[in-house]
Structures are given as C-alpha cells and as structure tokens.
Amino acid sequence: MVLAWALISVVGSAQVSWGASVERAPWFKLPALILGARRAPVTALPAGPASRAALGLPASPLEALGEAAAAASPESSAAGVVSASVSADSSGAEMPAGPANGRMLFDGAGTPVGDGWTIETLASPVDGTPISYRRRGGAADQPARVYSGGLALAESFDAYFETQHRSKAPSFYVMTRAHPPTPWTPTRVVLDADARDLARLIRVAAQATATGKVELVLHSFGTLVFQRMLQLVELPEVAQALLSLAGSRVVLLNATTHYPGSERIAGPEFERMAAATVRFVDGLDLMDAWADLFDRMGRFGRWIALQMFPWSKHWPPPLRFAPWTQQRAFLIELASREASDMMRRDLEPPWAPEIDGIRRRLVSALKRNAADAGWQEALLRRSSDMFRLNFTSRDVRLLKSLDLRLDLVHSTGDALLNWKSAQIFFKLLGIDAPETVPAPGAVLSDRSGLWRALIVEADHYFPLKNPRKLARILDP
C-alpha cells in the first residue's frame, strides 16, 4: 500500500498517454511508451471531409454531414438496439403512491413503474455495453425529445416527469454507463463513450417520429457530453445524430465548457480541483500499466516474478503485498468519497412536500452508487475528461451551422458551476455575459436571438428541485 501511494504521488503530475498505441504494443515496449508519452487533451478529431466542410470550407456543413451519415449502414441504428423492453404495467403490481399525480413513475432502482414508461437498452457503439434508457411514446408528428442528466446522478429529470411532464413528444431518458440499470464496463475515456452513446440514442429517437427530428434537454455533465459529440462529427453515427438535431431545439441546464486555461478563469478552487483530478487519473492509468506489465512478465517464471515489485500474483504469498486490484479499489474509493459526501450533504435538506419523496429516493440511490466500484471510477474519469475537453470557436461554428435554437439556463445559487464557469461558455457562444451574475429573470442573447441564456433563482439541482419552472421553459 505504501508503494502504491508513493508511486501515485511521484508520477501524479505526469500527463500519461495510455491509448490504442499502448494496447497494441509488445509488452517489452510498454515502459517506454508509458513514461515517454503525454496524454492528449480531449479535443476534436483530425480534420477530414465532414469536419472541414462543417468549419465553413467549400462544402455546405449539412451536405457534409449528409455525406458522413450516408457512410453508416441503414440497418445499423436498428441493429444497435437490444430488444430488452420491459412494459411498465405488465407486471400487474400495484403502483406505489407518488407525488402530485398519485403515483411514482420510477422505483428506487430507476425502473419505470407507470404512466406508459418502458425501459429498453441499446448496444453502445464503443464496446457493446447495454445502455439503458427510459422511453415513453408520444405523437408521431412531434419531434422526439432526449434527456440526459448529471455526473453523479443521472436522474436529473425525475421530478419533472413525475409532477409536470405534459409534452406530447416521444421521450427518451438515458441512464449513462455505471448509472443503474446500465452497468459499468471499464472505459478509459468515458466522455467519448457517453458522447457516442448519446448519438446512438438520438438516432433511435429520430426513428420514433415521422418528423425524423430530435430535441435535446441536458443537465450539467450532459451538456459537456453534447459538446464532445459535436467534436466527433467525423463518425458516421454522430453525423446522422447531428442531422436529426439540425433546426431543432437544445436546452442546456447548468452548463459550462472547458478549454486549456479556462479553469484559471473559473477561480483558484476550480483550478486546484481540475489539477488534482487529472493527476489522479493519470497516476491510476500509469499504475494500471505497470501492474499489467509486471503480471505479464511474471508469467515467464517464478524467478522473473521475484525481480518484480511484489504486486504480481506470481509472487509467493508470504512475500506478496495486497494485489494491485485491491490497492486500486481502495484509492478510487478514497478519491471519490469527497464528491459523494458533498452530494449527500446537498440532498439532506428537505424539498417541497410534493417532490421530497424523490429526494429520499435519490439519497438511497446515491448510497447504493457510492458503494459501487464502477460508479466510483466512472465519476473520477468523467471529472478528469471534463478538464481535458478542448471546446473551441471551431466547434461553435459547427454548432451554428446546424441552425439550432439554443436555450441555456444558469442558476444564481449554483455552487458547483459558478457564474464564472457559465460566463466562459456564454462568451464562447457569442452571448453577451456581464462580469457579475445578472438578477433572476434576466435573459441574455447572442446577435441572432436564437441562442439565449435565462438566469433563474435556484442551485445546481434546478431541474430536480424546480420542476414547475423547468416545465415553463420546456413546454411553454
């Protein structure tokens, strides 16, 4: 254990690259690759035909997207959906009493129990992980609507659906990996996986409506997933998803962005958090690589194993330290504890009576999640990916080419993503944002008037604690 801590502290400041090149490399080249490479920031893919056109070069952006989308197999979207639908009312069980409408729509495990909701899964285009999503039918002549929630809790819209939801649109509500019932599959860059999973769900949603169009409603980390998806425009599945969004509405709640140096603008506390998170995950990746190397070398014989650090399972038990997997689990649990404790404190004060049952359910879900090793690692890796994102004006130009109506909502009492964090994003989008947070009710806009930012009196959990306000924004 002492060795693990010592090595983490020594190499924590290194920006380590551990990608496809390392995984394909012979074991004897691993140390050089591990120590000599720097992990690249999460940024746009190399420019190709689709992205060049999307950036205003000769071809029309939508034409380029169409060409990229055509490269995908027409059957791929249907093939990507796993037939695992569970009828919300098929069990015959009595519906539990719930707030406002007389019954609860989702149980403590996130499974739909009423009001026409079902739970289905799609196969992740990244690794085949079954990504669960909640689905409710709607009018075929309405654009479908896709919802994606936050970093630690994906249930950002439960209060809205249980008390205020009156949209006629087909609704799709994703549970990202490591948020039950979606399992955790070891994933090095979780933000990329979430972005591609979101694109796949958008394609599924587009097939559920005669319009072929989709609207997005995203909260907190979900807004960063959308930004990363824009950067993956080279992928045919993403190009198809963006075509389904073109001309539609995207609502970003409690949003921020990241580009190199933006954490310094957000403040010293934000900067320290970013540095610590990135260093921890880099150190974790380095330790994983070394442990794998020692294990591979140990397979050649006991005498070689004895030359290794005593992590290898090939060491004689009296001399062997606790396996790296156990040390790793301890470090991840320790590193994620502060975030889960902070959210637990945020959920302690009672909410309005009609939604307090949802708060109590979320407390139970958080307790369950915080004890799960997959959720812990996903939390840390998503946080690290957030601070590696490099969202630039080039990505904004692609966003503008889609002719979207973009509505942003910032809460004056948001302690997790303060005004400086939001202001960074607003200015990048061309929205005039003053140095101090405006009063609740203020509406900021870009020159076109299509991109607007509404200021509300709330905190980071705006969609959960203020479902009526959210309903007035989504369904005026």
Side-chain angles (χ1 to χ4, degrees), residues 99 147-160 162-164 217-224 251-258 262-263 265-274 338-363 365-366 379 383 386-387 406-429 431-445 452-474:
Y147 300 80
S148 182
L151 175 68
L153 286 172
E155 296 88 347
S156 297
F157 301 99
D158 278 18
Y160 165 70
E162 295 194 14
T163 67
Q164 300 294 325
V217 183
L218 310 171
H219 176 234
S220 188
F221 187 77
T223 68
L224 295 162
V251 179
L252 306 180
L253 309 170
N254 303 94
T256 187
T257 192
H258 183 270
S262 62
E263 60 267 26
I265 301 173
E269 185 176 353
F270 204 76
E271 186 177 9
R272 286 193 296 270
M273 179 174 62
E338 183 178 357
S340 59
D341 287 348
M342 180 178 65
M343 175 160 284
R344 189 178 294 110
R345 290 192 296 269
D346 289 343
L347 292 175
E348 284 178 355
W351 293 356
E354 63 270 21
I355 58 173
D356 197 55
I358 298 172
R359 179 193 64 83
R360 294 193 299 269
R361 202 166 71 224
L362 292 177
V363 169
L366 179 62
L379 176 74
S383 299
M386 175 178 73
F387 295 121
L406 193 63
D407 289 336
L408 300 101
V409 178
H410 176 74
S411 302
T412 56
D414 194 333
L416 293 179
L417 297 174
N418 60 24
W419 173 244
K420 285 294 184 183
S421 300
Q423 185 190 49
I424 290 167
F425 192 28
F426 294 172
K427 287 186 174 180
L428 187 59
L429 294 174
I431 296 174
D432 187 23
E435 290 304 312
T436 58
V437 59
V443 178
L444 312 175
S445 176
R452 304 179 304 167
L454 172 65
I455 310 301
V456 297
E457 187 175 7
D459 61 17
H460 188 72
Y461 305 98
F462 166 71
L464 277 167
K465 298 167 73 171
N466 302 270
R468 292 180 182 175
K469 289 183 180 178
L470 178 61
R472 288 196 291 269
I473 294 169
L474 298 183

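Source: prediction; values computed, not measured.
- Contact of the L470 side chain with the Q164 side chain is not registered, since no non-hydrogen atoms from C-beta on lie closer than 4.5 Å.
- Taking all atoms of both residues into account, the shortest heavy-atom contact from A159 to P463 is CB-O, 4.3 Å.
- In this structure, the side chains of F425 and L417 stay at 4.5 Å or more apart for every pair of heavy atoms.
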Evaluate the criterion salt bridge (charged side-chain N to carboxylate O under 4.0 Å, His left out) for residue pair K465 and E457; output intermediate values, then yes/no.
CA-CA 11 Å; K465 298 167 73 171; E457 187 175 7; over 6 Å; no
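- Atoms NE2 and OH, from H219 and Y461 in turn, are 8.5 Å apart once rounded to the nearest 0.5 Å.
- The heavy-atom pair separating L379 from S383 by the smallest distance is O-OG, 2.9 Å.
- Distance alone, capped at 3.5 Å, places no donor-acceptor pair between the S262 side chain and the H258 backbone.
- Side-chain N or O atoms of S156 include one that pairs as donor or acceptor with a backbone N or O of G150 at under 3.5 Å.
- Within the 4.5 Å cutoff, the side chain of E354 has no heavy atoms near those of the E162 side chain.
- Between V437 and H410, the closest side-chain pair of non-hydrogen atoms falls below 4.5 Å.
- The closest side-chain heavy-atom distance from D459 to D414 is not below 4.5 Å.
- The closest side-chain heavy-atom distance from L362 to L464 is below 4.5 Å.
- To the nearest 0.5 Å, atoms CG (L252) and CG (D407) are separated by 8.5 Å.
- Around the CD atom of E338, the shell of radius 6.0 Å holds no more than 12 heavy atoms that belong to other residues, nucleotides or ligands.
- The closest donor-acceptor contact from the side chain of S411 to the backbone of F462 lies at 3.5 Å or more, if one exists at all.
- Residues R360 and D356 are paired through a salt bridge, judged by an N-O separation under 4.0 Å between the basic side chain and the carboxylate.
- The one candidate from L253, N466, V409, N254 that meets the side chain to side chain contact (heavy atoms under 4.5 Å, CB included) condition with V456 is V409.
- Checked by atom type and distance alone, the side chain of R359 pairs as donor or acceptor with a backbone atom of L347 at under 3.5 Å.
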